[in-house]
Amino acid sequence: MKVLVIGPGGREHAIVRSLLADPNVSEVHAAPGNAGIGKLVPTHNIDGNDPDAVAALATKLTVDLVVVGPEAPLAAGVSDAVRAAGIPVFGPSKAAAQLEASKAFAKQVMAEAGVPTAMARVASTAEEAADALDTFGAPYVVKDDGLAAGKGVVVTNNRDEALAHAQTCFDAGGSVVIEEFLDGPEVSVFVLCDGRNTVALSPAQDFKRIFDNDEGPNTGGMGAYTPLEWAPEGLVQEVIDRVAQPTVNEMAHRGTPFVGVLFVGLALTSRGTRVIEFNVRFGDPETQAVLARLKTPLGSLLLAAAKGELDKAEELRWSKDTAVAVVVASENYPDTPRTGDRIRGLKKVDELEGVHVIHAGTKLDEEGKVVSAGGRVLAVVALGTDLVEARERAYDGVELVQLEGGQFRTDIGRKAARGEIKVANTTGSATGSLPVTKTKA
Ligand code: AMP
Ligand code: GLY
């Protein structure tokens, strides 16, 4: 089978790498890709957010499957255009992508489907915002309603700061969702969906803040590891039963079936499991770690999802190893990142046992040298027999990367490796305390 992967980042590099390991995949193309992807497969310089351009390229290449990586092309309707051209696509329609593109929409669907999530209110004026903030109290959680690459959320004890963020969103013509604060560790679960059926991948943990100990502003994600030894038994089943399947059923019921990855961002709170957010695509950098452990051929799996045949797909097989991904970001990320700097040492990283480099914001300069081209530049991904070994290997790799001004967190997976993550509610089944208003038959 021939596959076209849409997107420029680390997630797409990881997807391409896994597709190439699938014996059923004969050819992979990418658009637009990055320097790392370009080393593996032909890349095509089109606007990946342009539905017609993507459909035309997929048709020209006569691919059997298109995999859409990021949220922007999904929200722009790229999947719809490819599907209309008669080509199977892994990625939701524009209508179904609203689960990520609008937090207010996601909240409505969760309410309809009886999915446990934070209590929330939508606000479009300063008065409404102030009222909602005072309803829930501190810590305050204010979310830009639209797409913001993980950077539209402010969590703060400072009421003025919370109000100021809301005002910034209003000034830009948007609205905000204000929520109750959820305590407890966060987990990312990727659920493959074919419109009807759901298959969950192994849970991962992401590190959203730029600095160690979860300090500084939110980013797209600075590192990840998987699996989660500390997660309650039954968590994945709970996510399927209480979150993913009801959501997929609700989307089908609405006439906008969900095909692709439902990325369930959870908080394991003292009152039970709660959804923090939905995304409609694989997480970045969690995917770099999760796919490093997946043994099931990826292309066949994604094609089955695209064709509505996940019920016929083989059961997932996983490596026993633990995977860690540590992101190297450019100077000044997540603010305006510095770009155009040479990146050295990558070959040496790839030579380390169990370690590989996944490119994100990289490109080749005129001399064909790899330079930085974005905020998150690359991830060093390592497999080890346990989290301690995987971390050691990943950080040995990071030490070899030379990038002026480059920044990385030193504590990816550290708490878990030290056994310091505590889940207050370890029932594994969210009973008793759900703010569920309605369940569908
Ligand atoms: P989101 O874009 O909704 O994933 O939010 C980004 C990050 O903000 C999450 O990963 C959490 O760390 C934090 N966050 C979002 N919503 C809440 C909440 N209700 N309570 C606590 N933290 C939150
Ligand atoms: N790492 C979180 C995300 O992809 O949104």
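In listed order, ligands and their atoms are each counted from 1.
Scanning Val153, Leu182, Asp144, Thr117 for the heavy atom closest to atom 8 (O) of ligand 1 points to Val153. Looking at Asn279, Val327, Asp206 and measuring to atom 2 (C) of ligand 2, the nearest heavy atom belongs to Asp206. Selection from Glu286, Lys208, Arg281, Glu71 by nearest heavy atom to atom 4 (O) of ligand 2 gives Arg281. For atom 15 (C) of ligand 1, the candidate residues are Glu277, Lys143, Met119; the nearest heavy-atom contact is made by Lys143.
For ligand 1, the atoms closer than 4.0 angstrom to any heavy atom of Phe181 are 20 (N), 21 (C). Every atom of ligand 1 is numbered from 1 in the order shown, and the set under 4.0 Å from a heavy atom of Val141 is 16 (N), 17 (C), 18 (C), 19 (N), 20 (N). Heavy-atom proximity to Gly283, at under 4.0 Å, picks out these atoms of ligand 2: 4 (O). Close approach to Glu186 involves these atoms of ligand 1, each under 4.0 Å from a residue heavy atom: 9 (C), 10 (O), 11 (C), 12 (O). Near Asn218, the atoms of ligand 1 lying under 4.0 angstrom from a non-hydrogen atom of the residue are 7 (C), 8 (O).
Contact annotation: for Asp206 versus ligand 1, there are no heavy atoms closer than 4.0 Å. Residue Gln205 does not touch ligand 2, judged by heavy-atom distances below 4.0 Å. Under 4.0 Å from ligand 2, not a single heavy atom of Arg11 appears.
The neighbour count for Arg393 CZ, taken as heavy atoms of other residues, nucleotides or ligands under 6.0 Å away, is above 12. Heavy atoms from other residues, nucleotides or ligands lying under 6.0 Å from CG of Asp171 number more than 12.
For the pair Ser330 (side chain) and Gly375 (backbone), a donor-acceptor distance under 3.5 Å is present. In this structure, the side chain of Asn34 engages the main chain of Ala360 through a donor-acceptor pair within 3.5 Å.
Salt-bridge formation is detected for the pair Glu179/Lys107: a Lys NZ or Arg NE/NH1/NH2 atom is positioned less than 4.0 Å from an Asp or Glu carboxylate oxygen. Between Arg274 and Asp183 there is no salt bridge, since none of the side-chain N atoms of the basic residue sits less than 4.0 Å from a carboxylate O of the acidic one. Salt bridge present: Asp134 and Arg159 bring a charged side-chain N and a carboxylate O closer than 4.0 Å.
Ligand 2 has no N or O atom lying under 3.5 Å from any N or O atom of Glu277, backbone or side chain. In terms of polar-atom proximity, Gly220 is counted as a contact of ligand 2, with an N or O under 3.5 Å from an N or O of the ligand.
In this structure, Lys103 counts as a contact residue of ligand 1, since one of its heavy atoms falls inside 4.0 Å of the ligand. Judged by the shortest distance from any of its heavy atoms, Glu180 lies inside the 4.0 Å radius around the atoms of ligand 1.
Taking each heavy atom of Ala313 and Leu301 in turn, the nearest pair found is CB-CD1, 4.0 Å.
The shortest distance between side-chain heavy atoms of Thr198 and Leu310 does not fall below 4.5 Å.
Between Arg121 and Thr135, the side chains place a donor N or O and an acceptor N or O closer than 3.5 Å (distance only, hydrogens not considered).
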